[in-house]
Every structure is written in structure tokens, then in C-alpha cells.
Amino acid sequence: MISIVIPTLNEEAYIAKTLESLLNQEKVLEIILVDAHSDDGTVRIAQSIADKMHLPLRVITSPVRDVGKQRNLAAAQCRGEWILFLDADVLLPAEFTSKALTELEKRKLKLAGTPFFASEPATFYRIVYWLYARVLFPIIRIFIPVLHGCSLFVQMDLHKRTGGFREGVTFEDYDYSRRAAQIAKSGVLRDVYVRTSARRFYNASAADNWELIRGTAISLLQNRAVAKEDLARYQKKTGKHGSPRF
């Protein structure tokens, strides 16, 4: 059975779509939404959707706005054999969880990410995300076993052995997946995928994009997490992405 963990911060425009995509998923024991004191209606909307759809949702509160901390807090309360870490703007296709568990067992993976494509119908976003998922990211993984935290399966025992996510940093998912890959077999699932929003790029300037590219390169090439101060522009916009374009 799977425990699904969703960290949130001002996600009222996105969280309903994500929860709706979980409605008919199988083998889901619980959904834990860990909110970092959102200033909007994130928690109210999530609870309303869950009550209406009879989703097994629990809401907990993080004392700080930090994704690593939020994931660790929720994981400490998970009861499932597997944890699925999801971002609050991720959409799951039908039969996602059942197909994923079948593949995890077949390939004997203890940690696995999924390909992710743009939710937006705009051709530009669709092409860029497809090229990243199908071309660039597989090349990166030849050399560095990183995975993205937007849709990440980990066996509970392995999560405990890693010591959890590093807190107070960015690219904590890269750091986590590298450390976990040193302990157990990891990979990218082939039979499933997710869609995620390109919201970080809706109104991004050239300086914003350069900061993100630079931070990614530092994390990958220097094999480390990156201080939040090094992505100040990225951090400033977190939770302020605007309305979905899908």
C-alpha cells in the first residue's frame, strides 16, 4: 500500500486538480498533505475536495516553509510500505499507482522516479518538457543517478536508511536520490508518467532562468545540494506562480 505525501504552500489554484487525479487510484492507503502555513485557501479547498470525494486525506502543518522539512514530517507519519512524494501541481493518469507498483516489483526497485510532461496544452511547453524527459534527463542519469521529487516512489525502509531529505536547501531531491541510489537499486519507471505544470516558467525572466540553470549545474556537477541563498529569485517566487494555464 502507498502513502502519498504532498507538500503545499499557497496551492489553492492547483491542489484540487491534483487531488481529483488521485480519486480512482488503487492501493492508496492515505494522502498526507503537509502545509507550510499557506496564506490562501489551500487547506480549506483540499479538505473540501477530499470530503466530497471520500479521499483518505490527512492535513498536518509544517513549522517552516521548506520542502525537505515538509516531506520529512509527513514521511514520519506514513503507514504504507511505499511513499509516493508528489508536488501539488502533478496530475496522475488513470491506473498510475497500480501500474507503478507492478513495475517496481518486477524490476526490484526500491526508489523510482517517473517521466513528467507538461500539463499545459501550449506546443512550446509540450515540446520542451518532452525533450527534457526523453532526451536530456536520460543522458544525465547515465552519469549521475538523480531523480525528481515531483513524482518519486521510495520504499519506507529505504527512506529511513537515507535519513530523509536534507532541509534548508534546494535540489534536495537530487541529493536524496543520489544518496538512496548508493544503498539500493533505483531507476525511472517506464510504464507510467505524470503531467506537471510549467508554472515556474510562466513569467520567468532571463535572469530567473539563468539562476535555475546555474543552480542545477552546481547541484549535478558538484554533487551537492544548493543553499537557498543561491536561488534567491526562485525562492522568492515559490507559492506565487499565478493561475494554471491548463
Side-chain angles (χ1 to χ4, degrees), residues 1-8 11 14-35 42-43 45-60 67-68 70-117 119 133 145 147-162 164-165 173 176-177 180-181 183-197:
M1 296 292 283
I2 304 170
S3 294
I4 297 178
V5 169
I6 307 175
T8 57
E11 298 286 2
Y14 294 86
I15 191 62
K17 291 179 181 289
T18 295
L19 292 177
E20 288 167 1
S21 77
L22 298 178
L23 177 59
N24 295 316
Q25 301 296 332
E26 298 179 349
K27 301 182 180 179
V28 175
L29 175 65
E30 59 189 347
I31 303 165
I32 302 178
L33 187 149
V34 52
D35 187 71
T42 296
V43 173
I45 291 171
Q47 196 63 68
S48 174
I49 292 289
D51 291 345
K52 181 173 64 176
M53 297 185 170
H54 305 291
L55 291 170
L57 177 74
R58 286 192 287 137
V59 178
I60 63 176
V67 173
Q70 289 171 254
R71 289 179 179 142
N72 288 339
L73 284 173
Q77 298 190 28
C78 289
R79 297 172 293 158
E81 178 187 358
W82 287 93
I83 303 173
L84 170 57
F85 294 105
L86 287 181
D87 282 353
D89 61 340
V90 169
L91 307 179
L92 305 186
E95 301 182 343
F96 173 85
T97 51
S98 58
K99 289 180 178 179
L101 285 178
T102 297
E103 185 176 354
L104 287 165
E105 181 178 351
K106 181 179 180 180
R107 294 174 58 190
K108 295 181 169 55
L109 298 173
K110 304 297 183 183
L111 176 79
T114 67
F116 58 92
F117 305 106
S119 299
L147 295 167
H148 288 276
C150 66
S151 174
L152 183 66
F153 283 94
V154 61
Q155 198 169 54
M156 175 64 80
D157 179 64
L158 178 58
H159 174 76
K160 292 177 179 177
R161 291 173 67 189
T162 65
F165 289 87
D173 48 356
Y176 178 88
S177 54
I183 302 172
K185 186 179 180 182
S186 70
V188 177
L189 297 180
R190 305 181 187 117
D191 297 338
V192 294
Y193 67 91
V194 301
R195 292 201 178 276
T196 185
S197 80

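All values below come from the heavy atoms of this structure, side chains included, with hydrogens, waters and symmetry mates left out.
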Who pairs with Tyr14 by side chain to side chain donor-acceptor pair (under 3.5 Å), at least two apart in sequence or on another chain? none
Under the side-chain contact (heavy atoms from CB on, under 4.5 Å) rule, collect the residues that match up with Ala184, sequence neighbours excluded. Lys110, Leu158
Once you round to the nearest 0.5 Å, how far does CG of Leu19 lie from CG of Leu33? 7.0 Å
Identify, with sequence neighbours excluded, every residue that meets side chain to side chain donor-acceptor pair (under 3.5 Å) alongside Asp35. Thr8, Ser38
Identify all side-chain donor-acceptor contacts of residues 87-96 below 3.5 Å with residues at least two apart in sequence or on another chain.
{"residue": "Asp89", "atom": "OD1", "partner": "Thr196", "partner atom": "OG1", "Å": "3.4"}
{"residue": "Asp89", "atom": "OD2", "partner": "Thr196", "partner atom": "OG1", "Å": "3.4"}
{"residue": "Asp89", "atom": "OD2", "partner": "Ser197", "partner atom": "OG", "Å": "2.7"}
{"residue": "Asp89", "atom": "OD2", "partner": "Arg199", "partner atom": "NE", "Å": "3.2"}

Glu20 meets the side chain to side chain donor-acceptor pair (under 3.5 Å) criterion, sequence neighbours left out, with none
Run the side-chain contact (heavy atoms from CB on, under 4.5 Å) test against Lys185 and tell me which residues pass, sequence neighbours left out. Leu109
N/O donor-acceptor pairs under 3.5 Å from side chains in residues 79-86, not counting sequence neighbours:
{"residue": "Arg79", "atom": "NE", "partner": "Glu30", "partner atom": "OE1", "Å": "3.1"}
{"residue": "Arg79", "atom": "NH2", "partner": "Glu30", "partner atom": "OE1", "Å": "3.2"}
{"residue": "Glu81", "atom": "OE2", "partner": "Gln155", "partner atom": "NE2", "Å": "3.3"}

Using side-chain contact (heavy atoms from CB on, under 4.5 Å) as the criterion, list what pairs up with Ala100, not counting sequence neighbours. Phe153, Leu189, Val192
Are the side chain of Gln25 and the backbone N or O of Thr97 linked by a donor-acceptor pair below 3.5 Å? yes
Would you find a donor on one side and an acceptor on the other, under 3.5 Å apart, between the side chain of Ser3 and the backbone of Cys78? no
Applying side chain to side chain donor-acceptor pair (under 3.5 Å) to Ser151 and not counting sequence neighbours gives Thr114
For Leu147 and Asp173: C-alpha separation, side-chain torsions, deciding distance, then whether side chain to side chain contact (heavy atoms under 4.5 Å, CB included) applies. CA-CA 7 Å; Leu147 295 167; Asp173 48 356; over 6 Å; no
Over 12 foreign heavy atoms within 6.0 Å of CD, Gln77: yes
Please name all residues satisfying salt bridge (Lys or Arg N to Asp or Glu O under 4.0 Å) with Arg107, sequence neighbours left out, ordered by chain then number. Glu103
